Amino acid sequence: MKKITGLECGMGIGGWLTNYKRFNVLPEDRRLKITVGDMEHFESYITERDIEYIASLGFDHIRLGFDQIVLEESPFIYRGEIITILKNFVLWCKKYSLRPVLNMHKAVGNYCDILEESGLMQTPALQERFIAVWLKLEEVFANDSDVVFELLNEVVSATADEWNSLAERTLAAIRAKNSERIVVIGGIEWNNPPGLDSLKVYDDENVIYTFHSYAPFEFTHQRGVLQRDPLYYNRAMSYPSDDIERYRDYHRVVHGNNNAYAKYDKMDIEYIRDELAPAKRFIERNPDKILWCGEFGTIRHADITSRENWMHDMISVLKEWDIPYCVWNYLSTPNDGNRFSLVDDDNRKILSERLAKTLIGEF
């Protein structure tokens, strides 16, 4: 499969400029507001020292998530302070030989974990704002060819036709300004692997296709507070596990499904390989295209050995199929209900030596 320099093994940064104002305890009229406290967080949470440390671990790129409401002061008006932060981030990446990927993590009308009244894919005015954000970033980074644009993190509440249409229009708008910008596009349904089957493929060598994977969800999101089902089940899960009944019980209790995992007698790498099968199909159908697994990880409620084991199996399959990847997530703010931190909150060091080696594919 074709490769792009600097996009082999990456680290995602969330909780800095993304995952803001999404808690259901906030009334709807406050979910899209940025406060002075938020701005103070943006100015201080990640520093050059963090970027240097990520490079020292052996990664070659960083995927930085940002929310539209963080960049936008109001529709079509952008915060100079956030643009400065993004510029500094890119300069730090250059200094430490890391390729920066700018990912629209939460777009107005497309929050992947809270319901919104206005859907991006069904609202032309929101679509124009979405495209305008990327044109602004193209203007800011017009002379920096290393910066990669990832259009949207995880598409929800949309048909494949709706998303393909908006993605195509956005790509065309960027191409009118820059024919060589590397642009990343993923599929619908939270960017899970099956979304690749209906994703439009372009005659454009500078488009990368992406997917995410958090399977099995009841393990990777166990006892999380943002997703209804793991919060309700509230049970520790290990990986791998010979206790397939524990996994089946989750689906019985949460979904009333008595037939979950019928073909499995344990939870291990074979299940992960089956879940990632659409990615392999995409490669086989499109051998001249680039496929990148842009996000996968485990909530830190999982025990460290299980987290190491799951990362080992995920990365093993990706490497087996020669798929570049980016792990999630460096450090999670307390503001982020899904805390997938791979480093300790206080000393910001990787949680274990085995994890450090596993993340860069050294088994």
Side-chain angles (χ1 to χ4, degrees), residues 1 7-12 14 61 63 65 101 103 105 112-113 150 152-156 160 184-199 208-222 224 226-227 229-230 237-241 247 250-251 260-261 264 267-286 289-302 306-330 332 338 340-342 355 358-361 363:
M1 188 173 67
L7 284 175
E8 283 286 325
C9 174
M11 172 69 80
H61 66 278
R63 176 178 180 256
V101 179
N103 159 248
H105 214 71
C112 59
D113 41 29
E150 184 181 355
L152 188 55
N153 174 51
E154 294 178 350
V155 179
V156 296
V184 179
I185 305 175
I188 59 171
E189 298 295 333
W190 291 273
N191 209 358
N192 282 314
L196 291 168
D197 291 333
S198 56
L199 182 62
I208 294 176
Y209 306 88
T210 189
F211 67 98
H212 298 171
S213 183
Y214 286 94
F217 188 81
E218 62 268 32
F219 167 72
T220 62
H221 286 68
Q222 60 185 276
L226 279 183
Q227 282 75 30
D229 296 343
M237 311 290 286
S238 62
Y239 179 92
S241 177
Y247 280 84
Y250 171 87
H251 290 273
Y261 303 115
Y264 301 97
M267 177 55 65
D268 64 2
I269 194 171
E270 293 310 313
Y271 175 76
I272 288 177
R273 186 175 279 109
D274 288 346
E275 286 295 300
L276 297 183
K280 189 175 185 182
R281 286 200 302 270
F282 184 91
I283 295 169
E284 293 169 346
R285 288 196 308 265
N286 305 283
K289 304 302 180 184
I290 300 171
L291 182 63
W292 172 64
C293 185
E295 187 180 311
F296 58 98
T298 57
I299 203 163
R300 66 181 192 179
H301 302 320
S306 289
R307 296 184 76 187
E308 294 166 347
N309 293 339
W310 187 87
M311 281 291 193
H312 174 278
D313 286 359
M314 273 290 302
I315 293 170
S316 293
V317 175
L318 295 173
K319 289 177 73 67
E320 176 186 337
W321 296 342
D322 204 22
I323 298 174
Y325 62 87
C326 186
V327 299
W328 188 259
N329 161 43
Y330 175 66
S332 298
N338 283 342
F340 281 67
S341 309
L342 293 165
L355 184 62
T358 297
L359 294 177
I360 59 172
F363 307 136

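Keep in mind that the numbers below use all heavy atoms, side chains included, and drop hydrogens, waters and symmetry copies. Small disclaimer: the values here were computed from a predicted structure and weren't measured.
I269 places a side-chain heavy atom less than 4.5 Å from the side chain of R273. Residues V317 and E275 are not in side-chain contact: their nearest non-hydrogen atoms beyond the backbone lie 4.5 Å or more apart. Counting heavy atoms from C-beta on, the side chains of D274 and Y264 come closer than 4.5 Å. Using a 4.5 Å heavy-atom cutoff, the side chains of Y209 and N286 are not in contact. Looking at heavy atoms from C-beta onward, V184 lies out of side-chain contact with R63 at the 4.5 angstrom threshold. Using a 4.5 Å heavy-atom threshold, the side chains of I315 and F296 count as touching.
Atom CD1 of I208 sits about 9.5 Å away from atom CD of E150, to the nearest 0.5 Å. Summarising the geometry, atom NE2 belonging to H312 is positioned 5.0 Å from atom CZ belonging to F363; distances are rounded to the nearest 0.5 Å. Atoms CE and OH, on M267 and Y247 in that order, are 5.5 Å from each other to the nearest 0.5 Å. The NZ atom of K319 lies 8.0 Å from the CD atom of E8; values are rounded to the nearest 0.5 Å. Taking CZ from F282 and CD1 from I323, the interatomic distance works out to 10.0 Å, rounded to the nearest 0.5 Å. A distance of 11.0 Å separates OG of S241 from CG of N309, quoted to the nearest 0.5 Å.
Nearest heavy atom pair, residue G14 against residue N329, reads N-OD1, 2.7 Å. Between P193 and P278, the closest heavy-atom pair is O-CB, 3.3 Å. Pairing each heavy atom of G224 with each of H301, the nearest pair is N-CD2, 4.1 Å.
A donor-acceptor pair is defined here as one N or O able to donate and one able to accept, closer than 3.5 Å; such a pair exists between the side chain of Y325 and the backbone of L359. No donor-acceptor pair under 3.5 Å is formed between the side chain of T210 and the backbone N or O of G186. N153 places no side-chain N or O within 3.5 Å of a backbone atom of N103 that could act as its donor or acceptor partner. A donor-acceptor pair is defined here as one N or O able to donate and one able to accept, closer than 3.5 Å; such a pair exists between the side chain of R307 and the backbone of T298. The backbone N or O of A215 lies less than 3.5 Å from a partner atom in the side chain of W310, making a donor-acceptor pair.
Taking the six-membered ring for Trp and thresholds of 30 and 60 degrees, H221 and F340 have ring planes more than 60 degrees apart, a perpendicular arrangement. Under the 30°/60° scheme for interplanar angles, the aromatic rings of H251 and Y261 are found to stand perpendicular.
Salt bridge status for R281 with E284: absent, with no side-chain N to carboxylate O gap under 4.0 Å.
Scanning for salt bridge (Lys or Arg N to Asp or Glu O under 4.0 Å) contacts around D313 gives an empty result, with sequence neighbours left out.
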Report the C-alpha separation of Q222 and Y250 in whole Å, then their side-chain angles, then the decisive distance to 0.1 Å, and conclude whether the side-chain contact (heavy atoms from CB on, under 4.5 Å) test is met. CA-CA 10 Å; Q222 60 185 276; Y250 171 87; over 6 Å; no
Could you go step by step and tell me if M314 and V327 meet the side-chain contact (heavy atoms from CB on, under 4.5 Å) rule? CA-CA 10 Å; M314 273 290 302; V327 299; over 6 Å; no
side-chain contact (heavy atoms from CB on, under 4.5 Å) assessment of M311 paired with E308: CA-CA 5 Å; M311 281 291 193; E308 294 166 347; 5.9 Å; no
Starting from the C-alpha separation in whole Å, work towards a yes-or-no answer on side-chain contact (heavy atoms from CB on, under 4.5 Å) for W292 and L318. CA-CA 9 Å; W292 172 64; L318 295 173; over 6 Å; no
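Centroid-to-centroid, the aromatic rings of W328 and H105 come within less than 6.0 Å. Taking the six-membered ring where the residue is Trp, the centroids of F219 and Y271 are separated by 6.0 Å or more.
A side-chain contact (heavy atoms from CB on, under 4.5 Å) with I283 holds for exactly one of L291, I290, L196; it is L291.
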